[in-house]
Structure formats: structure tokens, C-alpha cells
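To find a chain, count down the sequence lines: A is the first, B the second, and so on, and within it residues start at 1. Please read all numbers here as calculations on a predicted model, not as lab measurements.
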Protein chains: 2
Amino acid sequence: MNDLEVRQLRYFVAVAEELHFGRAAARLGMAQPPLSRAIRELERQLGVTLFERTTRQVRLTGAGEVLLRDAGTALEAITAAAQRARHAGSASPRLRIALKADIDGGLLPQILDAYRTDPAALPPELILGGFGDQPGALRDGLADVALVLSPMDDRGLDTEPLITEPVLVAMAATDPLAARSRLCLADLAGRILPNGAPADAGRVDAGRAAPRRPGEARPASNLSEIFNLVETGSVVFFAPASVARRNPRPGVAYRPVGDLPNCTLVIAWPQDARSPAVAALVRAACAIAAGRRAPAEPQTRSTTA
Amino acid sequence: MNDLEVRQLRYFVAVAEELHFGRAAARLGMAQPPLSRAIRELERQLGVTLFERTTRQVRLTGAGEVLLRDAGTALEAITAAAQRARHAGSASPRLRIALKADIDGGLLPQILDAYRTDPAALPPELILGGFGDQPGALRDGLADVALVLSPMDDRGLDTEPLITEPVLVAMAATDPLAARSRLCLADLAGRILPNGAPADAGRVDAGRAAPRRPGEARPASNLSEIFNLVETGSVVFFAPASVARRNPRPGVAYRPVGDLPNCTLVIAWPQDARSPAVAALVRAACAIAAGRRAPAEPQTRSTTA
DNA sequence: GATCATTCATATCCCCAGGGTATCGATCGC
DNA sequence: GCGATCGATACCCTGGGGATATGAATGATC
């Protein structure tokens, strides 16, 4: 009946991910016996067995899988509470905007200009994370609002679409496929993306990033690195049309991919955000994007956040 | 840097709500000094002052207000994780459907019939909560899916609309206003709702329920009680048209209210639900509702959850 | 199939975090 | 100015969470 403790959830997540008490204990910086005891106590409190264990192997039960999913979001909520409180108490609160460099479709300067005219605006602070996990940063309270490409993992977030564009594939100009003017996903079988995933998987990687195994090469984390790899033919790369337009490079060819869905640049924020500064930025972004979509008749309808 | 503990958050919430260390300590079943110390330690960990305290009064700082909001959702996430794991591990998992009695517009039997034909269906279990907080039950893991009237507090939930209907006001047949065939909200000034709120506030109570002060009368918790009160002229009551249709009573008059927005019956579930049984019920509900909206051409398009 | 290595569980000890009691000190009402 | 109220400080003490040592069971190897 007594409720769970954060410590118990962290222990559980470690064991559930490692499926090995010894390794999980090492990862937690503690000895194995207290970890075993803690998991047993957790199971007793819940009245549920979370792991099927023999002396040789550990497996998650159904209840364990459920808890693993929910424990993650609960831990995110806790760290987010701490981060947001820290930030709110700091002397100079800012509006922390997370985005990958160069995916803003060139809208960011105008959005910021419009945003700064809003009386509710706080000074903006850009958090540029290369292959960083912007939705995760929102959920963990490290950022207040983000510009990301949809589809993405939007659990706990509210979003507003800004602009939709086709996705092009960037490949070496010398690539045999570059001779063709139009491709489909199957043509890319065998090519790999900068993050090591196969290129023909249909962008299923849009959700949670797979955990990187230690020893693997660090994936390229910015466009310069990526274009270097692309030019050498090592990888191919999916880029929204605006990114392609803003990065013409002699050694790189962009080609449309027939059966790849369009991607949408969205502005996202935590669902329970009540900050007027976030609302101001969302308003500004929607207004600018609407103007971009229909430049003849600039729209001014404000979108409530 | 060490992360927060559930205990600290509970302590903080208690003090933040009571704004009084002594009362908060009593509510937590502990003495006041360790509570003071725990809050100080929390502030030290966050590097932020959460309360402005003099010896005579305690006030929340801005950071404290932020934390109060986020702490609530974090605690909900923790208890939800525990509840869902408990339920998933129980011998006979069921699909727990939360709703207020009689607000289903008469759709529930058909929905359940359709649902039961789905191979992914688990045995349904109805959780009927009178004035209960269905969205809260979803967030706390006490139910898997709910039928509720929108607008409501949908943080962390996904919803799908089922049917939209006008809202009528139920009043005593002897009420002078019952002589008129059409009313507007302002006409109801001075009347009160079964939960004690003023009737002309425009249903702003749709969000989080206000905490009930001890000593106040318990609000009526089911339709029978409510209609009794309505018949005596003690209260008025807002009812969707389908509820009115299914509850004709001699002593009660239903009248349309001009400036009251329609209400929508929605099916809601936790945003990160992955249960096939939830998806099956959502599909069934959407199909039945679509058929109800256009009975001439029964729709079978399945709605993915 | 006997032996060994691996891995989770049990037994036992120990320390400190978190809670209790007593008291102080500051502020407000009268 | 005096007492009452309420948060802060000082100090003690207990129990839970952690470590170490060891047991027990299973799978691999020859």
C-alpha cells in the first residue's frame, strides 16, 4: 500500500534493461545482493512478480513490461519537475528553445522577431542539439519548447504543425542512384543512415532512439559531419526540402523519394505547460508559418496555446 | 544533483497546499521539525527557494508554484505505474472502463457488444464513479479507458470524440424559468449546481475539481439524488440531451440554454497506453458512434488507437 | 556424468538518513 | 510589553538500505 520510491523504480529499470542483476548493480554503482533484495521488496509491495528468474537467466513478466514502460515516464516526470523548478527559480528565467540546427526551414529568425514583440516574451535561449532528443528534453524539463520534425514521439507533448514539406534523400553525386531523377524506398536497400540504421526501414526510427551499444561508432551529430560522410558515399541522409535548399553542395545530390511520406515541422511543448512565454512563441511560430504557407494573404489569426 | 524522492515531493505538496508547516505535518502524520528540515533539504538540492517564510506566514515563490504543478503530475505518474503493474500482474486482467452512470448516451451496450467480438478483447469491468474524476482515474492507473464529457482535463490523455449533443438545464417543473422555452446562461444567476458551484459560471468547473472544504455538504453523487434535489428546486443541473431523453420525470423540466456550448462524449485513454484491449474498445466505440451519427449508412471504418 | 563457472538468493553486520522530543526565537495581536 | 503562535535549531535514536561472505542451482565442458 505504501507507494513506490524513485530509488526502487531506478533499480527496476536497470535490471529490466540489463536482464542481469550483476550488470545492473554495477551500472547502479552498488553490490548485487541489496539490489536483489530491493527488487524482491518491490515485487512484494506490488503483489506481482516482475521477473522470471532462474539462476542462469532473467526474463521480464508481462507486469514487468508494463512497469518498465510506465516507470520511464514516471522518472521523466520527476526529473522534469526538478529541472523546471530549478530553472524557474534561477535569477534570469529564459525561454529555452530546443531544435536541431538547420531544421527550422529558415523560419526561426522571423519567429523570434515576432516573438520578441510579445509582452509575455522572455529572452530566448537556443538549445541546439545535433542528434539530440528534443522531445525527451521537453519531457525532462531541459527545454520549454522545441522545433522538431514530425512524426516523433509526442507522448506528453502538445504540438502545432508549422510547415509540411517533402523529404529528399541526400547521396554522393557519384552514387549510381544519383543518375535517376526519382527513387523509391526499396532502391535504398543496403544504404545506411548517419546513425547506422538501414536506410530502407521507412523511417521507423522516428520514435525513441535505440540505445547505442558501447563500442559502436558515435553517430555523426551535425550537418557538416553528415555531409562529409555523404560525399564519401558512406551514408545517405534524409533531409526535408528546406534543408536541402539551404545546403547546396557540389558533391551531394538530392533526389525525391516516391514512397516517403512528407515530414512536418512542428512546434512542441509539454502538455501541461502554462508559461505565457511558451504561448507567445507558439503564437508567433504559427503566425509566421501561416504567412509562409499563404504569402499572398498574410494571416494574423492567433492560435491559442 | 541527486534526484528527488517521492517522499520529498509529497512533503512539498502538503506544505504548498496547507501553507502551514504544522498543519502539513499533521496531515502527513509526522512532527513539524523533520518536515521543515526536509523542505530545507529539498530547496538545497534544487538550489531554489520554494517558500517565503516568516514566522507568521508561508508563501509560495514562483519556483514553488511551478514545482507544485509538476509535482502533482509526477506523483500521479508514480502511482499510475504502481497501479498498472498491479493490475497487469493480477491473475485475471480486465479492461477497466470508467464512466459516470448514465452519461453514455445509451451507446454502452452496443459498444460492449461490438467490443466483445474483437479477438483482442479482455473481459470488461465497469467502474462507475458518480462525481468521480474519470481523467484522474486514468492518470492514476485505476482505469484503462473512460467515457467522459468534454471539455475536461485531458493532460496526458488521448481522446476520440464519439457524439456531440446540446446541453439542457434541468430544473424543477415549478420553477418560474420553466415557463420560458429558451434560456441563456445569465438567466440562471443565483441558481446553484449539485456540487455547490454557481450555475452561471459557464461550466468552468469542467477542469480540475476544486478541493472540498471539510464541513461542506457532500455533493450529490448520482442522478437519483440529483433529480431529487432538482425537483425540490434546491439546485439546477446541466444534462446532455441524451441524459434528459433517458430520464423523463414529471417534476423536472428540461430547457435548452442558448449560450451554452455543446458537450461531446469522448472516449479517453492514457496517452502511452499500448494495450490491444484499449484499442479494441476505442475502435468499437468509434464505429458505434459513427453509425449513430449516420444511421442510414452504418460506417465500419476502423479508427486506429 | 563429474566438475567448474556463473549467477541469483540468503545471512549477517553496520552506518546514517530520517523521524522524534525539547527548546529557542521571532513576529503579531491585544 | 506580554503571551501566543509558528518556524528553526539542537540533539538523540531507530530502522532500512547497503556491504561482505557464502550458499545453491543451473548450464557448459570434456
Is there any protein nitrogen or oxygen under 3.5 Å from a nitrogen or oxygen in nucleotides 25-29 of chain C, and what are the pairs?
from   : atom 1 : to      : atom 2 : distance (Å)
C:dT27 : O4'    : B:Thr55 : OG1    : 3.0
C:dC28 : O4'    : B:Arg56 : NE     : 3.4

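With rounding to whole Å, A:Gln32 atom CD is found 15 Å from C:dT6 atom P. As a whole-Å value, the separation of A:Glu43 CD from C:dC8 C1' is 12 Å.
Legend: residues meeting salt bridge (Lys or Arg N to Asp or Glu O under 4.0 Å) with B:Arg44, ordered by chain and number and at least two apart, are B:Glu41. For the side chain to side chain donor-acceptor pair (under 3.5 Å) test, residues two or more places apart in sequence or in another chain that qualify with A:Gln32 are A:Ser36.
Note on A:Gln57: nothing from the nucleic acid sits closer than 4.0 angstrom, heavy atoms only. B:Arg40 comes within contact range of the sugar-phosphate backbone alone, with a heavy-atom separation under 4.0 Å but no base atom that close.
Here CZ of A:Arg155 is found 11.0 Å from CG of B:Asp158. Values are rounded to the nearest 0.5 Å. In this structure, CG on A:Leu122 lies 12.5 Å from CZ on A:Arg116, to the nearest 0.5 angstrom.
The nearest heavy atom of DNA chain D to B:Arg37 and to A:Leu35 marks one nucleotide each, and the one closer to the 5' end goes with B:Arg37.
Comment: B:Arg69 does not engage A:Asp272 in a salt bridge, judged by the lack of any side-chain N to carboxylate O separation of less than 4.0 angstrom.
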Expected list for residues 5-13 of chain A: side-chain donor-acceptor pairs under 3.5 angstrom, two or more places apart:
from    : atom 1 : to     : atom 2 : distance (Å)
A:Gln8  : OE1    : A:Glu5 : N      : 2.9
A:Arg10 : NE     : B:Asp3 : OD2    : 2.5
A:Arg10 : NH2    : B:Asp3 : OD2    : 2.2

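Near DNA chain D, defined here as any heavy-atom distance below 4.0 Å, the residues from residues 5-30 of chain B are B:His20, B:Phe21, B:Gly22, listed numerically.
Taking every nucleotide of DNA chain D with any atom under 4.0 Å from a non-hydrogen atom of chain A, the first and last of them, 5' to 3', are D:dG17 to D:dG27.
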